[in-house]
Amino acid sequence: MIKINHVTKKFGDFTAVNALNLEVTTGEFCALLGPNGAGKTTLIKMLIGLLKANEGTIMMDHMIMNRNNSKLKKKIGIVPQHTNLDKDLTVKENLLFSAKLFKIPKIEAEEKADALIDFIDLKSVENRTTRRLSGGMKRKLMIAKALIHDPDIIFMDEPTIGIDLNARRKIWDVLRAMKKEGKTILMTTHYIEEAEYLCDRAALMNSGKVIYYDKPENLRYNLGKYTVEYFNEEKKSMYRYFKTKEEARLYVNSLNDEYTLRDTTLEDVFYNFTNRKVD
Ligand SMILES: Nc1ncnc2c1ncn2[C@@H]1O[C@H](COP(=O)(O)OP(=O)(O)OP(=O)(O)O)[C@@H](O)[C@H]1O
């Protein structure tokens with residue numbers, strides 16, 4: 001269980017995270033969605049004990065997270081936004097090196113590294129140096145690295161950023177398998193479809209606050225299951241949301257211009273509440 005209570009982080013006069021509350025229950029997969037600068041990375045940095053909050057508390061498994069709580073830090077795994085791999089080490093050596101940092105005995109470390117290499121499907125390149133891996137393979141290895149000490153809670157900051165859709169889908173398989181194993185996961189992402197596909201709940205974040213937190217389907221249904229997209233007289237895109245297709249059809253019959261009638265997406269929800277796109 002992760003319990004974030006009234007957490008604020010200021011950089012000088014600027015408030016990056018503003019009295020934020022959020023709870024992630026044990027075994028839940030939560031996505032943190034928001035545009036650039038919303039405060040997602042700052043929040044993650046506080047959650048992993050890298051930054052100190054100005055106000056509020058962060059609890060995990062009934063312990064308070066702070067920079068010195070090494071017991072709690074052993075229970076969490078971290079996939080940072082930027083690569084944390086040693087380019088000159090092979091896939092397996094990277095994992096063994098991480099195991100050493102967690103003081104995992106040699107034989108156990110070998111077994112864990114082998115099991116994780118199978119899990120992320122990198123057996124064929126286990127002896128390849130990391131600099132020669134594709135972007136998707138590197139991301140998978142970063143996930144495996146976060147799992148080496150078998151943490152209960154995983155924080156991931158944009159784990160699929162900058163890789164193609166095919167590679168991203170392979171990572172989704174790994175993330176779903178992690179969820180099946182009962183891990184509690186909090187992930188930031190810009191990719192709405194990723195949140196829809198993977199997570200139990202999505203927290204929509206804007207200007208340092210969580211503005212909505214619910215199951216993706218509830219977020220969509222509360223706004224209206226169907227969206228009519230059309231242009232107004234100034235040729236500006238307009239959106240109307242409807243609970244039923246019948247209501248939406250009635251509405252489009254009254255329009256003179258071109259329109260699209262489609263299912264509402266999480267992107268619509270986000271845009272509706274913030275007037276901003278996630279990207
Ligand atoms: N060390 C810092 N000093 C000053 N301002 C900072 C610092 N770190 C972050 N900020 C500011 O805090 C705000 C939130 O940044 P943060 O990186 O948390 O956003 P984000 O939601 O993760 O954005 P992105 O999606 O671009 O990664 C931004 O306006 C950023 O410029």
Side-chain angles (χ1 to χ4, degrees), residues 2-24 29-58 60 65-67 73 76-85 135-136 138-139 142-143 146 153-165 167-168 171-172 175 184-199 201-214 216 219 265-279:
I2 307 168
K3 211 169 175 175
I4 304 167
N5 189 17
H6 224 74
V7 163
T8 294
K9 180 69 198 172
K10 292 184 179 177
F11 296 111
D13 291 341
F14 178 73
T15 305
V17 173
N18 190 358
L20 185 143
N21 297 306
L22 189 69
E23 266 188 44
V24 184
F29 195 148
C30 168
L32 203 54
L33 281 166
N36 290 347
K40 306 179 297 294
T41 299
T42 305
L43 179 63
I44 294 277
K45 284 183 177 166
M46 289 189 281
L47 287 164
I48 64 177
L50 211 59
L51 271 182
K52 192 174 182 312
N54 295 95
E55 277 170 42
T57 50
I58 294 170
M60 282 171 229
M65 174 51 95
N66 60 43
R67 276 189 272 197
K73 283 185 174 176
I76 66 172
I78 303 159
V79 181
Q81 198 173 109
H82 302 291
T83 180
N84 59 350
L85 304 171
K138 281 184 192 148
R139 288 273 158 191
M142 284 167 70
I143 293 169
I153 301 171
I154 322 283
F155 295 106
M156 296 185 288
D157 199 357
E158 313 241 10
T160 64
I161 197 162
I163 56 173
D164 65 58
L165 189 61
R168 215 183 318 152
I171 290 181
W172 290 356
L175 300 183
T184 305
I185 306 170
L186 180 61
M187 164 184 87
T188 74
T189 181
H190 275 106
Y191 301 116
I192 299 246
E193 74 277 17
E194 183 161 287
E196 296 225 58
Y197 182 71
L198 292 170
C199 70
R201 283 197 282 179
L204 306 188
M205 202 171 162
N206 197 30
S207 306
K209 277 192 175 294
V210 169
I211 50 171
Y212 262 84
Y213 185 37
D214 207 337
L219 289 167
T265 64
L266 214 49
E267 179 104 45
D268 294 310
V269 178
F270 196 85
Y271 185 69
N272 187 258
F273 290 118
T274 63
N275 250 327
R276 290 177 75 176
K277 298 267 182 195
V278 170
D279 278 322

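Counting starts at 1 for both ligands and their atoms, following the listed order.
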> Would you say the side-chain atoms of Tyr213 pair up with the backbone N or O of Asn21, donor to acceptor, closer than 3.5 Å?
no
> Counting distance only, does the side-chain N/O of Lys40 pair as donor-acceptor with the main-chain N or O of Met187 below 3.5 Å?
no
> Just by distance, do the side chain of Lys9 and the backbone of Asn54 share a donor-acceptor pair under 3.5 Å?
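Checked: no pair found.
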> Take atom CZ in Phe29; do more than 12 heavy atoms of anything else shown fall under 6.0 Å from it?
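Counting neighbours around CZ of Phe29, more than 12 heavy atoms of other residues, nucleotides or ligands fall under 6.0 Å, so yes.
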> Quick one: ligand 1 N/O to protein N/O pairs below 3.5 Å?
{"residue": "ligand 1", "atom": "18 (O)", "partner": "Thr41", "partner atom": "N", "Å": "3.4"}
{"residue": "ligand 1", "atom": "18 (O)", "partner": "Thr42", "partner atom": "N", "Å": "2.9"}
{"residue": "ligand 1", "atom": "18 (O)", "partner": "Thr42", "partner atom": "OG1", "Å": "2.6"}
{"residue": "ligand 1", "atom": "19 (O)", "partner": "Gly39", "partner atom": "N", "Å": "3.3"}
{"residue": "ligand 1", "atom": "21 (O)", "partner": "Ala38", "partner atom": "N", "Å": "3.0"}
{"residue": "ligand 1", "atom": "21 (O)", "partner": "Gly39", "partner atom": "N", "Å": "2.9"}
{"residue": "ligand 1", "atom": "21 (O)", "partner": "Lys40", "partner atom": "N", "Å": "2.9"}
{"residue": "ligand 1", "atom": "21 (O)", "partner": "Lys40", "partner atom": "NZ", "Å": "2.9"}
{"residue": "ligand 1", "atom": "22 (O)", "partner": "Thr41", "partner atom": "N", "Å": "2.8"}
{"residue": "ligand 1", "atom": "22 (O)", "partner": "Thr41", "partner atom": "OG1", "Å": "2.8"}
{"residue": "ligand 1", "atom": "23 (O)", "partner": "Gly37", "partner atom": "N", "Å": "2.8"}
{"residue": "ligand 1", "atom": "25 (O)", "partner": "Asn36", "partner atom": "OD1", "Å": "3.4"}
{"residue": "ligand 1", "atom": "25 (O)", "partner": "Lys40", "partner atom": "NZ", "Å": "2.8"}
{"residue": "ligand 1", "atom": "25 (O)", "partner": "His190", "partner atom": "NE2", "Å": "3.3"}
{"residue": "ligand 1", "atom": "26 (O)", "partner": "Asn36", "partner atom": "OD1", "Å": "3.3"}

> Do Lys45 side-chain atoms and Leu50 backbone N/O form a donor-acceptor pair below 3.5 Å?
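Between the backbone of Leu50 and the side chain of Lys45 there is no qualifying donor-acceptor contact (under 3.5 Å).
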> What is the minimum heavy-atom distance between Gly162 and Tyr191, and which atoms define it?
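Minimum heavy-atom separation between Gly162 and Tyr191: N-OH, 3.6 Å.
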